[in-house]
Every structure is written in C-alpha cells, then in structure tokens.
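Within every chain, numbering begins at 1; the chains are lettered A, B, ... in the order of the sequence lines, protein sequences first and strands thereafter.
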Amino acid sequence: MILSLDTETTGLDPWHGSKPFLVTVTLDSGESIVWEWDVDPLTREPKVLREDLLEIKDLIDNCERLILQNSTFDLKMLKTLETEDWSWGEWPWYKIHDTQFSAHMIASCQRRDLTTLALLELGIDVKPFEDAIHAATDKARRITRSKSFVAEQGEWAIAKAGREDMPSAGEKTWKADMWLPRCLILTAPDYVPDWTEGQDPETHPWATILHNYANGDSECTLLIHEKHENYLKSRGLWKIYVERLKILPIVYNMKETGVTLNKTRRDELYGEYAQVTEEIRERCVRIADNPELEDLPVNGRSNALNTVIFDQFKLKSPKTTKTGNPSMDKEVLAYWLDQLEAKDKRRYFIDGLLNYRKRKTAMAYIDGYSRFWNHIKDDWYVLHPSLHPTGTNTLRWSSSNPNEQNISKKQGFNLRYCFGPTPGRCWASLDYENVELRIPAYESGEQELIELFERPDDPPYYGSVHLLNFSTVYPDKWEEAVSNGGYEGAANWIKKNWKDSWYQKCKNGDFAVQYGSVERTGSQWSTADRAFGRKGCQALLKARFAKQEALNQHWIKTANDTGYVSTIPDIEIDPDHGYPLECSKTEWGNISPTIPLNYHVQGTACWVIFRAMVKVQEYLDSINKNKSDDLKWFMVMQVHDELVIDFPIRRGYEIRLREIKRIMESCGDYIKVPLKVGCDIHENNWSEGRGLE
DNA sequence: TTCGGTAGCGCC
DNA sequence: AAAGGGCGCTACCGAA
C-alpha cells in the first residue's frame, strides 16, 4: 500500500505550540480519509482524539511507501501530538518519499508548492479552493476581532504578529487560522452573516470548507509522486533521487536539536548597539535640521531621507538601484565619505547613517533570535530554524525562522559571539576550503591553480588564489612587491602594505569573477574590473586561465541547448548522471551567461557536502549508540560549505574531529576533486576558536 | 488593514 | 537587450 499524507496546522512553529488540527491521507486504492479536530479558540489547542492517531499510525506502520510534500515539516507537526504515554515511534525514513525533492530534480527553478505542482503535473487548479478558504478565514478573523464579538465571546486567539506562541506570524498569517471558519460557525453561528436562525451549523459551508479542500491535497500529493517517479525513472535519475532522500532524517534531527545561544552575550551586544544607534539618530536628526526627518530609516529608504540626501545635501549617487533609482547603499555612502571634506556636516551625517544601519541590522537579527528561541536553562536558549534542502535553484539549502545562514561575522558586529556550546559541550566548525575554486580548477585541469592547491606552502603565492590572481591582474604592482619583499616575501609585503587597498580590491574582483561577472568590451566596465579598480583585469585572468574559461563556455552552451547544467557525476552513486539543475531565465527569456558555471560549481559543492553529511551522520550514529543525549554528538548547522558539530567535552575528542574531517575530505573522491577541510574548535562561542592541530 | 514592490544588508 | 551567483529578513511606501 502506498500512502500520501498531508496536515493542516495552527501555524508554522511546532516548537512554540503550533499543531496539526487536520490530517488527510490518500491510499493508492483511491480511498481518502480526513481527520479534523476542533480547535479551542482561546488556546489554539486542537482537541485530538487518541483513536484517530491510532488509526493514522496504523496506516503509516503498514504502508510500503509514505509520500509527503515537505516531509520534515509534517512529520515534526505530527510529533507534537505525542503525549507522555503515547508516541509514533521512530519515523520509517526508509519508506518516506518527498515530492519537493522529486520536483527539485525535475525543474529546480520552478516553484515547488503543492498548488503549483498540482496544476503543472495534474492540470488541477486548486487555487479557487484556496481563495475560498482565504476569503472565509479572513472574514472569520474580522468577525472575531469585532468589539461586540469580543464583548460576548471573549478574546479569541487569532494569529497575529507579536504573539509569543507563533513567532513566525506575519505575512501569510491567515493560513494559521484556517481552523477558524468551522470553529466560528459551530461556536457562535449567529455571528456568521449568511447563517439563518435554526439552521444546523454543520450544514453551513464553513463547517466543511477546509475538510473538502484538504482532502485534495493528499490526493494530489500521491498523483504527483507517481508522475515524478515515472519521469525520473525514464531519465535515469531515480538513483540520485533516492540517494538525496537520505538527507531527510538528518534535516529532521538538525531542526530538532537546534542551535544554542547565550542570553547574557546577546544582551551585551544588543545593549551596546541600542545605545550607540540612539546617539547617532539624535545627532543625524540635528545635523539634517529638516522637519521632515524625525527619524532615520533602519535600512532601505524613507521619503524624508531621500529629501535630505538628494534635495537638501545635493549629493549625487554614482550608482543606481536595480530599478534605476539613485542608490544609497553602503558602497555609495562610503564613496560620499571619501568625496566630502572632513568638516562638511554632510559627512558627519553620512558617517552616522553608515554606522546606524550596521547596528540596526545587527539589532534586527538579534530581535529575530530572541523571538524564536526557546529556553533551556539559566541563560541558555535554543533556536530551531527551518531548513529547506530544496529551497534554492541549486543544491544549496535555505534556512528561515530565523535564518541561520546569515549570522554576521563582521568585525565589531560578530553575532556569532552569541552562539556556541552550552556548558560541558564544545562546537567544531568544519569547512571546505576554497571548494568553489577547486572544483572548476580540477575539473578543467587548470595546472597552475592545481599546483597552487597541491603545494600550499610554496612561494610565491603560498596557496592563495588571491595572490596568484594579484600577480595576474596587477603585474606592475606584483613586480613592485617582489622587488621590495623578494620572491618569497612578496606575499607578506602585499598583505602588509596593500591589505586595505590593492589586496582588498583584488579579493573583491576575485569574488566578482567567481560569482560570474561577464567580461565587457569597448568602453564598458565589467563588474569585476570595477571591483579590481582597473580595466582589463578580467581579460587578463581569462587569458591566464584558459581551461577554466573553456569549461565556462561548455556549460554556457549546454545550458543554452538544454536549459540545464548538471553537477559533476558522483562515481559511487551514478557515474553517468550528475544532478540536473535548471538554469534561471532573464526577463527576456534567455539564460544569462553568468548562470551556468555558477550553478554547476555551486551545485557540485553542495552535492559533496550532502554526501559528507550522510557519511558523517553514520559516523556520529556509531559514536552515539546507547549514549544519553548529553553525551551525544550532533550535527547542528550547515552553512553551504561548512558543518557545525556540537559535542560533549571528553578526552580525545580531537581524534573524532579528525575522523569527521577525513570523512568530509574523502567525499571529494566521488567527484575526483581533491578537497581540503579546515576545522575550528569553539569552546566558548562561535566567534572565537582555535584550529584543530 | 493587507499586500506587493523596493531597498538595503547579512552569509557563502 | 544586458548580464555579480544563491538565499531570508526588516522597514518603508503606496495602492487595494
């Protein structure tokens, strides 16, 4: 028996009280079942019946295959229904399938929500149902908020931003209240406009509106899965899909374990930023002396700020925003700082704005952390960010509520200081060094780069791609450095004398190239050349690394012919196929030449870390066997090319870290690219560490 | 009140 | 035609 399952929930925050109030399954026999539980409007608690759970568990236990859409979400939601004396048991990962994973393999740029998939794969348009529920829910929400209703029924626990039990509430808040129409018609039918006196509330459309719609969700999931399976098998991609599913239990457990942070350190940073920003705000408002500007916008723009900067200060932006408006981002502010006289009051204002924004951004992030955290003990808290392995066009994951992938490590704003191991434990972060540079270098056989990676201790570049590029794009500067510092000392001389000037420019240019800057001819500057601070730099790089450029052209051609690129095939999984990545299109319908190599490399790098995570988890499982939680090793974060491990401090832990490092490096073998992994140990917090010897 | 667009900024 | 890849979050603004 094949089974698909879907839930409707009272929110997106299973760690803060959101629970399923409706479960629907569809069997491959065609039969569908819906269980809907009434929700207490004062507490948002669904009144779940044990006998229903037993029925659902029985189906899950006895099916051969369990199909879900975004499986780790639904499974975690079901898990919240466990009680002290009842549990689902271990989830049967070996039989779980996920339509988001198959959808990503088929068309990684397409939306993967159920509505889109149903329309695309089945031609079923569920939008009208959704709209009907949206309308009913909104109406019901409005009714329960009305003064007369509150006076009679009390304040119902409607979803809204600011509620502690639903920190993610905001934009699509109504979705968390889909239980409401039924609840309202059953509890207080006389408030529902089209209900007539004496009518059985169960016969009103609101009583069954969700029931009817939810039913379709599990039906669609089952049919979509069938279609996807046929498609992937016909393309010879099934093996890769099945391999990818191995990440599901890992994602589930990472979300469950979460990331720990310390309130004292959080308060320390926040207090400091709050004080400084207040001082800056007062000063800037005073300098501007414009009745329109009463406050500084946190980021982005306000009309008042536009007036002050452009009309009053008469500043001209050297750069435009995406839509062609004059830009006012940090680069532009830095440019104005450079242009204006030291004593110009406008300069004080710009300087203030720059510093204000940095701190306000940090404060906004910190606010998010404390909104989502759960208390552990003392001043320790834990976050459970939502992780989405299919959240991007490539194989990168996305992370949200809150995002754990953009935690600042900037000097002076290092929010990683808040994060770290709880007492008695330790963190290690292991990252693939230069992985997105190594992949194209080895794949294309770019000898000079390969030698650089193979002999990281040799002069004159000492393994640094930036320095090798430096010698290419600024030959004159390089010569100057060699004549001053010698062949062996040029690298140090550059870092000592040009750290913030030419060396920094070179690094900026390198990243622009790595992220796909396109060489320009004529009077145009390429993005990379602008970053390098000189015209023609990118052309010099291209000439020196011709094989990589050939690789670039190969993937551009492939993308233009097929719409896809693929990752380097994994010789252990399928030597004939890589993971297919659909290339995004511009608004004119073509594939920008910046895309293909980027997707290929980014995707391959993430394929490697995915393989590594599976292997590392197997190793951790062997360590953790029969251990209590406080003695276990956990994988707690993945930041694209970096893994963070949270483990107990016990003698000899370095040996295990070295083994994890070895496992991660060994995954380069599958794509025939030798990889190096660095390991930092964080005994106190994520911002301070020492290298593993 | 809600919602989408815009801008800006953090990470790799 | 024109090209710096991939994300998520917050604030601001103006239209529905």
Q: If you take atom types as modelled and just measure distance, does the side chain of A/Asn403 reach the base of C/dG8 with a donor-acceptor pair under 3.5 Å?
A: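 No.
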Q: What orientation do A/Phe511 and A/Tyr515 show, parallel under 30°, tilted 30 to 60°, or perpendicular over 60°?
A: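 Ring orientation of A/Phe511 relative to A/Tyr515: parallel.
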Q: Let's test your reading of the model: under 3.5 Å, does the base of C/dC13 pair with the side chain of A/Arg301 as donor and acceptor?
A: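 Such a pair does not exist between side chain and base.
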Q: Under 4.0 angstrom, heavy atoms only, what part of the nucleic acid is A/Asn303 near: base, sugar-phosphate, or nothing?
A: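 Here A/Asn303 touches the backbone only, sparing every base.
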Q: Do A/Met328 and A/Asn306 touch side chain to side chain, with heavy atoms closer than 4.5 Å?
A: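 Contact flag for A/Met328/A/Asn306 side chains = yes.
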Q: Angle class for the A/Phe419/A/Tyr369 ring planes (parallel below 30°, perpendicular above 60°, tilted otherwise)?
A: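 Geometry flag for A/Tyr369 against A/Phe419: perpendicular rings.
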Q: For A/Arg359, answer base if it contacts any base atom (sugar-phosphate contacts may also be present), sugar-phosphate if it contacts only those atoms, and nothing otherwise; contact means non-hydrogen atoms under 4.0 Å.
A: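 A/Arg359: no heavy atom of the nucleic acid under 4.0 Å.
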Q: So, under a plain 3.5 Å distance rule, would you say the side chain of A/Asn590 forms a donor-acceptor pair with the base of C/dA2?
A: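 A donor-acceptor contact between them is present.
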Q: Please classify the nucleic acid contact of A/Ser526 as base, sugar-phosphate, or nothing, using heavy-atom distances under 4.0 Å.
A: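 Answer is nothing: A/Ser526 stays at 4.0 Å or more from every strand.
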Q: Can you confirm whether A/Met637 sits close enough to A/Trp427 that some side-chain heavy atom of one is under 4.5 Å from a side-chain heavy atom of the other?
A: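 The answer is yes; the side chains approach within 4.5 Å.
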Q: Looking only at the side chains, is there a donor atom on one of A/Asn552 and A/Gln548 sitting less than 3.5 Å from an acceptor on the other?
A: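 There is no such pair (donor and acceptor under 3.5 Å, judged by atom type) between the side chains of A/Asn552 and A/Gln548.
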Q: At 10 degrees resolution, what angle do the end axes of the helix from B/dT1-C/dA16 to B/dC12-C/dG5 form when each is taken over five base pairs?
A: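 The helix from B/dT1-C/dA16 to B/dC12-C/dG5 shows an end-to-end axis angle of 0°.
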Q: Using a heavy-atom cut-off of 4.0 Å across all strands, would you classify A/Tyr599 as base, sugar-phosphate, or nothing?
A: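 Sugar-phosphate, backbone atoms only, no base.
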